[in-house]
Amino acid sequence: MQAERINPTGGHAVSDAELTLEAYADTIIPGAKRWAGDRAVAGAAEGGGAVAAGALELMRWDATGISEGLEDLASLANTYAERYAEEIGLGLDPGVPSFVALPFEDRVELITRLTSPGHPEREFWVLLSLFSNMAYDSAAHMHTADALREGHPGLTAMGITPPDADGLWRFERSGYGRELARMHPGTTPGGSPA
């Protein structure tokens with residue numbers, strides 16, 4: 001059974017699996033700590049990283065194909081963290097999951113090992129890494145307009161502009177410096193073809 005802790009920002013219970021997966025995602029795209037005692041997010045970078053971008057929400061989305069195995073992956077990550085800590089002689093704080101207890105640099109080293117060619121579960125660790133990136137650089141689990149309205153850290157950092165008031169994106173200058181084609185005369189005001 002997974003231990004649960006109270007998240008000080010939202011007051012809801014947080015499982016060891018959730019903390020572990022957040023720590024994993026934060027290692028892939030680091031961000032600022034969400035509160036002073038945040039252990040999952042190491043605070044290795046300024047601004048929002050993969051966790052603030054919704055990596056956990058994306059991983060839990062059934063379209064990813066890994067949503068049902070997340071608890072097992074988190075447990076396995078903690079097992080590897082324990083072995084890694086023992087190998088390098090690092091004592092871990094027993095008050096948090098083993099992966100979360102690792103210093104940021106050691107999280108990076110462990111993920112490097114887990115995603116290296118030849119590792120038996122490499123594909124799973126690469127998927128977790130890809131979904132962490134995807135949450136940050138595309139907000140695949142959200143409508144783009146909603147993500148921008150909510151201040152999504154990745155889309156904002158990339159300079160993605162919000163849509164016009166009607167929810168459509170229009171650009172005053174064509175990307176190639178010229179209009180490539182004329183609007184079809186049957187195109188509706190909403191942009192749909194006739």
Side-chain angles (χ1 to χ4, degrees), residues 2-71 73-74 77 96-97 99-100 104 107-108 111 115 124-175 187-192:
Q2 291 283 331
E4 291 194 343
R5 304 165 201 312
I6 299 298
N7 177 335
T9 62
H12 65 278
V14 180
S15 70
D16 281 357
E18 183 174 342
L19 287 172
T20 302
L21 294 168
E22 285 182 339
Y24 190 99
D26 178 65
T27 308
I28 301 303
I29 299 184
K33 286 184 176 286
R34 298 165 289 180
W35 61 87
D38 192 353
R39 295 291 301 271
V41 176
E46 293 183 19
V51 174
L56 223 56
E57 291 84 358
L58 179 60
M59 289 177 196
R60 288 181 177 146
W61 186 20
D62 61 353
T64 63
I66 64 166
S67 58
E68 292 187 24
L70 289 176
E71 297 261 341
L73 284 172
V96 293
F99 190 90
V100 177
F104 182 77
R107 292 179 186 180
V108 170
I111 289 177
T115 57
F124 295 113
W125 306 118
V126 168
L127 280 174
L128 281 183
S129 302
L130 287 172
F131 291 132
S132 298
N133 275 304
M134 189 183 292
Y136 185 82
D137 65 19
S138 71
H141 59 297
M142 302 178 73
H143 188 288
T144 305
D146 294 338
L148 289 167
R149 191 172 23 264
E150 294 173 17
H152 186 277
L155 299 182
T156 303
M158 288 187 284
I160 306 294
T161 58
D164 293 339
D166 62 1
L168 298 176
W169 276 265
R170 293 179 184 82
F171 304 92
E172 291 183 22
R173 284 184 337 150
S174 300
T187 302
T188 68
S192 296

Check step by step if side chain to side chain contact (heavy atoms under 4.5 Å, CB included) holds for Tyr24 and Thr20. CA-CA 6 Å; Tyr24 190 99; Thr20 302; 5.7 Å; no
Go through the steps to decide whether Arg149 and His143 satisfy the test side chain to side chain contact (heavy atoms under 4.5 Å, CB included), and finish with yes or no. CA-CA 10 Å; Arg149 191 172 23 264; His143 188 288; over 6 Å; no
Check step by step if side chain to side chain contact (heavy atoms under 4.5 Å, CB included) holds for Asp26 and Arg107. CA-CA 10 Å; Asp26 178 65; Arg107 292 179 186 180; 4.0 Å; yes
Taking it one step at a time, do Ile28 and Ser129 satisfy side chain to side chain contact (heavy atoms under 4.5 Å, CB included)?
CA-CA 6 Å; Ile28 301 303; Ser129 302; 3.4 Å; yes
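Pro97 is not listed as a side-chain neighbour of Arg39, based on a closest heavy-atom distance of 4.5 Å or more. Side-chain atoms of Arg34 and Val51, non-hydrogen and from C-beta on, do get closer than 4.5 Å to each other.
Aromatic ring orientation, His152 versus Tyr136: tilted (interplanar angle from 30° to 60°).
Taking CD1 of Ile66 as the start and CG of Leu128 as the end, the distance is 4.5 Å to the nearest 0.5 Å. Atoms OG1 and CG, from Thr64 and Leu58 in turn, are 6.5 Å apart once rounded to the nearest 0.5 Å. The CE atom of Met142 sits 9.0 Å away from atom CG of Leu148, with the distance rounded to the nearest 0.5 Å. Of the inter-residue distances, the one linking Leu127 atom CG with Thr115 atom OG1 reads 12.0 Å to the nearest 0.5 angstrom. Interatomic distance, CH2 of Trp61 versus CZ of Phe131, reported as 9.0 Å (0.5 Å rounding). From Thr27, atom OG1 reaches atom CD1 of Ile111 across 4.0 Å, with rounding to the nearest 0.5 Å.
Scored by the side-chain contact (heavy atoms from CB on, under 4.5 Å) test, Ala44 finds Pro30, Phe104 as partners (sequence neighbours excluded). Partners of Asp62 according to the salt bridge (charged side-chain N to carboxylate O under 4.0 Å, His left out) rule, which considers only residues two or more places apart in sequence or in another chain, do not exist here.
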